[in-house]
Amino acid sequence: MVLSRFPKVTETYQLREITALERLGMSIELYAITHHDDGGPVQRDAVALDRRANYFGRISLEIIRAQLTWLRRNPSAYWGAWRWSLVTNRGAPDFLVRSFLLVPLAAAMALRMERDGIEHVHAHFATYPTHVALVVKMLTGLPYSFTGHAHDIQHRQDGLGDKIREAEFFFCCTEYGREQLRRLYGSVVEEKCVVVHHGVELDRYTMTPLPDDDGERAFRILCVATFEECKGHQYLIEATSRLVDRGVEVEVALVGGDPPRRSRHREDMIRLAAELGLGDRVRFVGKVAAEEVRRWIEWSDIGVLAACATAKGDKDGLPNVLTESLAMGRPVVSTTQEGTMELVVDGVNGLLVRTRDASALADAIERMRRDPAMRERMATAGRGIVERDHDVVANTRTLAGEYLRRVGRPAPDDSA
């Protein structure tokens, strides 16, 4: 399994999938492009994986020896990997520069994979990890698959057609994602793409009663998301200001931090909340591990994500915060984005409003506040939808069956 960064606390869906696959009896070796150690929290399930994961120094004897080995063993494949990387990414400067890391790294990974007897490579995200998987295939012939999530298939499509054609198969987490790719790349997507929704551990994200509400205390709103424009924090903060102006008492907890790339978005949102006079109503919690996320969900009355598309086309796929909130019996308010609508049914387990509309978002939150009976109905419906379609054990069994079917192995024992 090739990942961009590990152990990155925000990428819980990858961790859930890996641990669930291992519980099904699959033997997984973890390879990471970057050892993500920012001094922040680490998910409990990631600790043991981190100890045995494969990491590589940027400049090391192993990296240098790998280049020399492939130049000797298979020079045409080695130079072919360089040619593909540089030609394919010539229109994307950041991808082009990163190729000078990815090709040497993939050469070293390929040798370790041969040493460890790896039989199949799976990459999470269609960008850098799948770039590595494709180079490994060029050098060794090892088959690969990948999972496309959101931004990596929506607007970072340099070389994506080649990655799809060379893959044995690939997964998308939404029907919308598959349809986007089908329009771009045609029948090969229909042949190779399997849609498997993200899931949660139902035994950990257990349904809990909604907090007691006498109508007097502040209404508790939770948003769990990295501070990026596509998460819509701005509109939630502006909606909060509108609610306060209407006399609706609310308390908002924003759980999450900045993305790995340099960003001032969180600082901008802190400044916006201060400018709107919301300092005592909006709490910036920071990054936390899954155990604390669950405590925040239990604290909340509803989960909210004001997701939107950016000018570059970046948008969410299937947001974890919505699935996790619904699993624990919290109705949600979100926006009419395609991936979200595969989880949230307006009026059934939550309310949906158009994107970038703080006023409509405030209206939906106020409606939730005024109607506790509706929240109770939605809580029950939300848990039922997650149990039916977003159980990580059931969905990972689908993944495992697809892996094994495609490589000619028997399906895992259903009793595992």
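R98 forms a cation-pi arrangement with Y128, by the criterion of a distance under 6.0 Å to the ring centre and an angle within 45° of the ring axis. Seen from the ring of F56, R112 counts as a face-on cation partner, given the 6.0 Å and 45° thresholds.
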Check: Does the side chain to side chain contact (heavy atoms under 4.5 Å, CB included) test come out yes or no for T240 and V282, once each step is laid out?
Finding: CA-CA 8 Å; T240 301; V282 177; 4.2 Å; yes

Next item on the list: Verify salt bridge (Lys or Arg N to Asp or Glu O under 4.0 Å) between R16 and E324, making sure each step is shown before the conclusion.
Entry: CA-CA 13 Å; R16 286 172 181 154; E324 293 166 357; 2.5 Å; yes

Note to self: Quick one, F95 with T88, criterion side chain to side chain contact (heavy atoms under 4.5 Å, CB included). Give me CA distance, side-chain angles, the key distance, then yes/no.
What the structure shows: CA-CA 9 Å; F95 277 28; T88 299; over 6 Å; no

Note to self: Could you go through R52 and E22, starting from their C-alpha distance and side-chain angles, then the distance that decides it, and tell me whether this counts as salt bridge (Lys or Arg N to Asp or Glu O under 4.0 Å)?
What the structure shows: CA-CA 14 Å; R52 63 178 176 85; E22 292 202 319; 2.5 Å; yes

Check: Can you list the steps and then say if R178 with E175 is a salt bridge (Lys or Arg N to Asp or Glu O under 4.0 Å)?
Finding: CA-CA 5 Å; R178 176 168 63 179; E175 295 285 354; 2.7 Å; yes

Margin query: Run K137 and V121 through side chain to side chain contact (heavy atoms under 4.5 Å, CB included) and show every step you take.
Written below: CA-CA 9 Å; K137 180 181 179 181; V121 179; over 6 Å; no

Next item on the list: Might you work through the side chain to side chain contact (heavy atoms under 4.5 Å, CB included) test for Y144 and K163, ending with a clear yes or no?
Entry: CA-CA 10 Å; Y144 75 88; K163 292 171 181 176; 4.1 Å; yes

Check: Taking it one step at a time, do D245 and R242 satisfy salt bridge (Lys or Arg N to Asp or Glu O under 4.0 Å)?
Finding: CA-CA 5 Å; D245 290 343; R242 284 170 165 77; over 6 Å; no

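Judged by distance alone, the side chains of T208 and R330 do bring a donor and an acceptor atom under 3.5 Å apart. Defined by atom type and a distance below 3.5 Å, a donor-acceptor pair is present between the side-chain atoms of H35 and D50. No side-chain donor-acceptor contact under 3.5 Å links E168 and H120. There is no side-chain donor-acceptor pair under 3.5 Å between T206 and R383.
In this structure, P7 and Q43 have side chains that are not in contact, with every pair of non-hydrogen atoms separated by 4.5 Å or more. A 4.5 Å side-chain heavy-atom check between S85 and L102 finds every atom pair outside the cut-off. The closest side-chain heavy-atom distance from V136 to I118 is not below 4.5 Å. By the 4.5 Å heavy-atom criterion applied to side chains, Y403 and L21 are counted as neighbours. In this structure, the side chains of L351 and D363 stay at 4.5 Å or more apart for every pair of heavy atoms. Looking at heavy atoms from C-beta onward, D316 lies out of side-chain contact with T340 at the 4.5 angstrom threshold. H198 has its side chain out of reach of E17: every pair of non-hydrogen atoms, C-beta onward, lies at least 4.5 Å apart.
Aromatic rings from F6 and Y31 are positioned such that their centres are separated by 6.0 Å or more.
Aromatic ring orientation, H265 versus H233: perpendicular (interplanar angle above 60°, classes split at 30° and 60°). Aromatic ring pairs are classed by plane angle as parallel below 30°, tilted from 30° to 60° and perpendicular above 60°; the pair W84 and H131 is perpendicular.
Using a 4.0 Å cut-off between charged nitrogen and carboxylate oxygen, E267 and R271 do not count as a salt-bridge pair.
A donor-acceptor pair under 3.5 Å links the side-chain atoms of D391 to the main chain of V393, judged by distance alone. Listed for the E29 side chain is no donor-acceptor partner under 3.5 Å among the backbone atoms of N54. Judged by distance alone, the side chain of W70 and the main-chain N or O of L139 form no donor-acceptor pair under 3.5 Å. The closest donor-acceptor contact from the side chain of Y205 to the backbone of L326 lies at 3.5 Å or more, if one exists at all.
Annotation: ring pair (Phe, Tyr, Trp, His ring centres under 6.0 Å) contacts of H390 (sequence neighbours excluded): H197.
When every heavy atom of G350 is checked against every heavy atom of M368, the shortest pair comes out as CA-CE, 4.1 Å. In terms of heavy-atom proximity, D357 sits nearest to Y235 at N-CD2, 4.4 Å.
Here the CD1 atom belonging to I365 is positioned 12.5 Å from the CZ atom belonging to R370, to the nearest 0.5 angstrom.
Of the options F169, F171, F170, a ring pair (Phe, Tyr, Trp, His ring centres under 6.0 Å) to H122 is made by F171 and by none of the others.
Summarising the local packing, CZ of R354 is surrounded by 12 or fewer heavy atoms from other residues, nucleotides or ligands at distances under 6.0 Å.
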